[in-house]
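Only one structure is covered here, and it is reproduced in the block below.
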Amino acid sequence: MKNRIYCGSTDLSQKGQVVLLAGWVQRVRNLGGLVFFDLRDHTGLVQVTPDPYHEDHDHLYETAIHLHHEDVVEIHGLVRRRPQGGENPKMATGLLEVVATRIKVLSRATTPPFLPEEADSVQEELRLKYRVLHLRADRMQRNFRLRHRLSQTVRRYFDENGFIEVETPFLVKPTPEGARDFLVPSRLHLGRAYALPQSPQIYKQLLMVAGFDRYFQIVKCFRDEDLRADRQPEFTQIDVELSFTEEPEVQEIMEGLMARIFQDVKGQTVPVPFERIPYHDAMLQYGSDKPDLRIPLKIADLSGIFASSEFRVFSEALAGGGAIRALNLPGAGGYSRKQRDDLLEKAKSWGLGGLVFLQWLPAGITSTVAKFMTPEQMKAAAEIVKAQSGDLIAIGADRNIEKLAVGMGQLRLWIGRELNLIQKDEHRLCWVVDFPMFEWNAEMNRYQAAHHPFTSPVLADLEAYADQPGKIRARAYDLVLDGNEIAGGSIRIHDREVQKKIFQHLGFTPEEAQAKFGFLLEALELGAPPHGGIAFGLDRLAMILVGADSIRDVIAFPKTTAALSLMDGSPAPVADEQWGELGLKRLTS
RNA sequence: GGGGCUGUAGUUCAAUUAGGUUAGAACGCCGGCCUGUCACGUCGGAGGUUGCGGGUUCGAUCCCCGUCGGUCCCGCCA
């Protein structure tokens, strides 16, 4: 529509001018003989009223009073300053109004199940069914416009740094490792299937071998796993790979990207470089491999202080090879018995056996288990968790170190929320490095790649711990923003011999490896440059940047936690005929 | 696969310690009145298979079982 201006861009500088507007009717106020309505587009609202002196006023008035919520209209009118006393300071365009000389209804709306401006208080089920109405809401419009800016910033940044965007296939070879694949049965080759890619991992490595040197792609990925607030079966990655590189270069480029993103999208300056935290330190101090550094608390180890404790919970934890760890709750010294009991219940749900509390009251440090502790021990504990008068110290103990770490990590997050220790609009980034290469999978009775099987191990570790794979470190790194893993990457294996050893540790025979990943292995023998890269979860990043609680708020047409699309009804039943064409037969439902 | 929360008018919610007349309110919707409203006001009206199925009971929105949907978490997500 030529010469159309946006509702939110109307301005007193246009006073006296005739403008053309188009949008949705938000609200009609019919005073009888006088009628106002608010016209909305994605930029905002402006008040419109029919021109009382227009030759066709009666008709204009009739049209206006019969407008409904969400009707789509086109308005010709004169911008004018509102009469004295008629201004609305709550409205961005509240000083002016548009006196309509023409109101054209472009499309009538039936009564909507909910109004866009109220969508945030409506059940998710309805919002997903009538997604267009929710997306019309101001907050969602802003979310998607921010996401757009984010994508553009990413493209610009990588382009400026010599990266090129190359598309990789969506119909790929199914991979046995990792997440469950979405399968696409082949019609031309019955009994065979493509998979939708979990990520373009192998393909981007092939691009490195192909000499593309610096690659990136903003690309959909698919994983058939259960959903979460921050997980959808289809999601978008910013996928990046570089040749002739090592960790510091990859990390530096990504730090530059994050700084640019925060500058462009939020107008915030992010200090670089980011802290590098070894995996084991992260687990010890934060109880997580994705620490939220906005919470100014670290988990302290009290095993030394209570090494000779006669308190059974402590002595048994230590005797069993475990540990005693503690967190300070600033200002919570006055917690009532009930508050402490409630916290204890939560601790159990986090996998902790329990918690022991030390209360630092004005009179001194006390505890319900004080008889098992010396005053010196309590004082030392308080010191090591950096407690002061008025604080509460929560101590956990377990013979299982991992369980204890994770439980204390949950406690730390809870404290951060409960005691409001996180500043609004504060963001903290860090790298977590030195991940273990392998994780033991008890179910399958073998080691699994913690990152993926093409991640380079620390070569010295590979030699030194040939018989203790659990100790081998990976050259992998995760980028963590406010307690969310927003990117993960690694330096890859470019040497076929190293790759063979890794497959051995994973329990693959050479034949299996060849069958699964032969095309990559062969390419690696055709002259593979050292290379490495990273992949960002774009949706998750967008979610954090817009301050949303769910990834659904930055995905236009998301699925429910049952992986259904309530809007279009997918997945949908398929006729037997169509299954048959794929060589498939329906068994149930 | 497991656990928590949840489903009542178009929407958001209510419905009295173990259940009891005609399931209420606000917003929205329909109609009347109203010339400066902006959450317009005001008067009136319509609108309900209490998600669905079963059970207990003289009687179920309420209790029990099952089921479907939504949501959050654990497992899972190389």
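Convention: sequence-line order gives letters A, B, ...; per-chain numbering from 1.
Take Ser565(A) and apply the side-chain hydrogen bond (donor to acceptor under 3.5 Å, both in side chains) test, not counting sequence neighbours, and it matches Asp568(A). For Glu124(A), the side-chain hydrogen bond (donor to acceptor under 3.5 Å, both in side chains) partners at least two apart in sequence or on another chain are Arg127(A), Arg552(A). Residues meeting the salt bridge (Lys or Arg N to Asp or Glu O under 4.0 Å) test with Lys559(A), sequence neighbours left out: Glu234(A). Looking at residues two or more places apart in sequence or on another chain, you find no side-chain hydrogen bond (donor to acceptor under 3.5 Å, both in side chains) involving Tyr286(A). Partners of His280(A) under the side chain to side chain contact (heavy atoms under 4.5 Å, CB included) rule, at least two apart in sequence or in another chain, do not exist in this structure. For Leu183(A), the side chain to side chain contact (heavy atoms under 4.5 Å, CB included) partners at least two apart in sequence or on another chain are Pro174(A), Asp181(A), Ala193(A), Ala195(A). In this view, Arg139(A) and Asp120(A), Asp553(A) satisfy the salt bridge (Lys or Arg N to Asp or Glu O under 4.0 Å) rule, not counting sequence neighbours.
Between Arg294(A) and Asp292(A), at least one side-chain nitrogen of the basic residue sits less than 4.0 Å from a carboxylate oxygen of the acidic one, meeting the salt-bridge criterion.
Across all strands shown, the partner of A25(B) is U12(B), judged by Watson-Crick or G-U wobble contacts whose two distances both fall under 3.5 Å. C58(B) and G20(B) make up a base pair, with Watson-Crick or G-U wobble contacts both under 3.5 Å. When both distances must be under 3.5 Å, the Watson-Crick or G-U wobble mate of U71(B) is G4(B).
Here Thr561(A) lies in heavy-atom contact (under 4.0 Å) with a base. No contact: Glu439(A) has no heavy atom under 4.0 Å from any strand. No engagement by Arg40(A) is indicated, since no non-hydrogen atom pair under 4.0 Å with the nucleic acid exists. Here Arg552(A) lies in heavy-atom contact (under 4.0 Å) with sugar-phosphate atoms only. In this structure, Leu45(A) reaches neither bases nor backbone, as no heavy-atom distance under 4.0 Å exists between it and the strands shown. The residue Thr175(A) sits apart from the nucleic acid: no heavy atom pair falls under 4.0 Å.
Of the two residues contacting RNA chain B, namely Glu125(A) and His452(A), the nearest-nucleotide position lying further toward the 5' end is that of Glu125(A).
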Pairwise N/O distances under 3.5 Å, protein to nucleotides 73-77 of chain B:
unit_1 : atom_1 : unit_2    : atom_2 : d
C73(B) : OP2    : Ala229(A) : N      : 3.2
C74(B) : OP2    : Arg228(A) : NE     : 3.1
G75(B) : N7     : Arg228(A) : NH2    : 2.8
G75(B) : O6     : Arg228(A) : NH1    : 3.0
G75(B) : O6     : Arg228(A) : NH2    : 3.2
G75(B) : N1     : Asp226(A) : OD2    : 2.6
G75(B) : N2     : Asp226(A) : OD2    : 3.2
C76(B) : O2'    : Glu225(A) : OE1    : 2.6
C76(B) : O2     : Arg231(A) : NH2    : 3.0
C76(B) : N3     : Arg231(A) : NH1    : 3.2
C76(B) : N3     : Arg231(A) : NH2    : 2.9
C76(B) : N4     : Arg228(A) : NH2    : 3.4
C76(B) : N4     : Arg231(A) : NH1    : 3.3
C77(B) : O2     : Arg231(A) : NE     : 3.3
C77(B) : O2     : Arg231(A) : NH1    : 2.9
C77(B) : N3     : Arg231(A) : NH1    : 3.0

**Q.** Contact pattern, 5' to 3', of nucleotides 8-14 of chain B - B, S or - by protein heavy atom under 4.0 Å
**A.** --SSS--

Q) What is the per-nucleotide protein-contact pattern of nucleotides 37-43 of chain B, from the 5' end, where B denotes a base atom under 4.0 Å from a protein heavy atom, S denotes such proximity for sugar-phosphate atoms only, and - denotes neither? A) BBSB---

Q: Apply salt bridge (Lys or Arg N to Asp or Glu O under 4.0 Å) to Glu225(A) and Arg180(A), showing your working.
A: CA-CA 6 Å; Glu225(A) 296 291 350; Arg180(A) 192 176 295 112; 3.6 Å; yes

Q.
Please evaluate residues Gln514(A) and Glu522(A) with respect to the criterion side chain to side chain contact (heavy atoms under 4.5 Å, CB included), reporting the C-alpha separation (whole Å), side-chain torsions for both, the decisive distance (0.1 Å), and the verdict.
A. CA-CA 9 Å; Gln514(A) 184 63 32; Glu522(A) 282 160 23; 2.9 Å; yes

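To the nearest 0.5 angstrom, Asp342(A) atom CG is 9.5 Å from Glu418(A) atom CD.
Taking atom NZ on Lys559(A) and atom P on U71(B), their separation rounds to 13 Å, with Å as the unit.
Taking all atoms of both residues into account, the shortest heavy-atom contact from Phe235(A) to Gln198(A) is CZ-O, 4.2 Å.
Applying the side chain to side chain donor-acceptor pair (under 3.5 Å) rule to pairs touching residues 476-490 of chain A yields His427(A)-Asp482(A), Thr455(A)-Ser490(A), Ser490(A)-Arg492(A), sequence neighbours excluded.
When the nucleotides G36(B), U71(B), C29(B) are ranked by their closest atom to the side chain of Pro83(A), G36(B) comes out on top.
For His531(A) and Gln205(A), the side-chain atoms include at least one donor-acceptor pair closer than 3.5 Å.
A heavy-atom distance below 4.0 Å to RNA chain B is reached by none of the residues of residues 486-503 of chain A.
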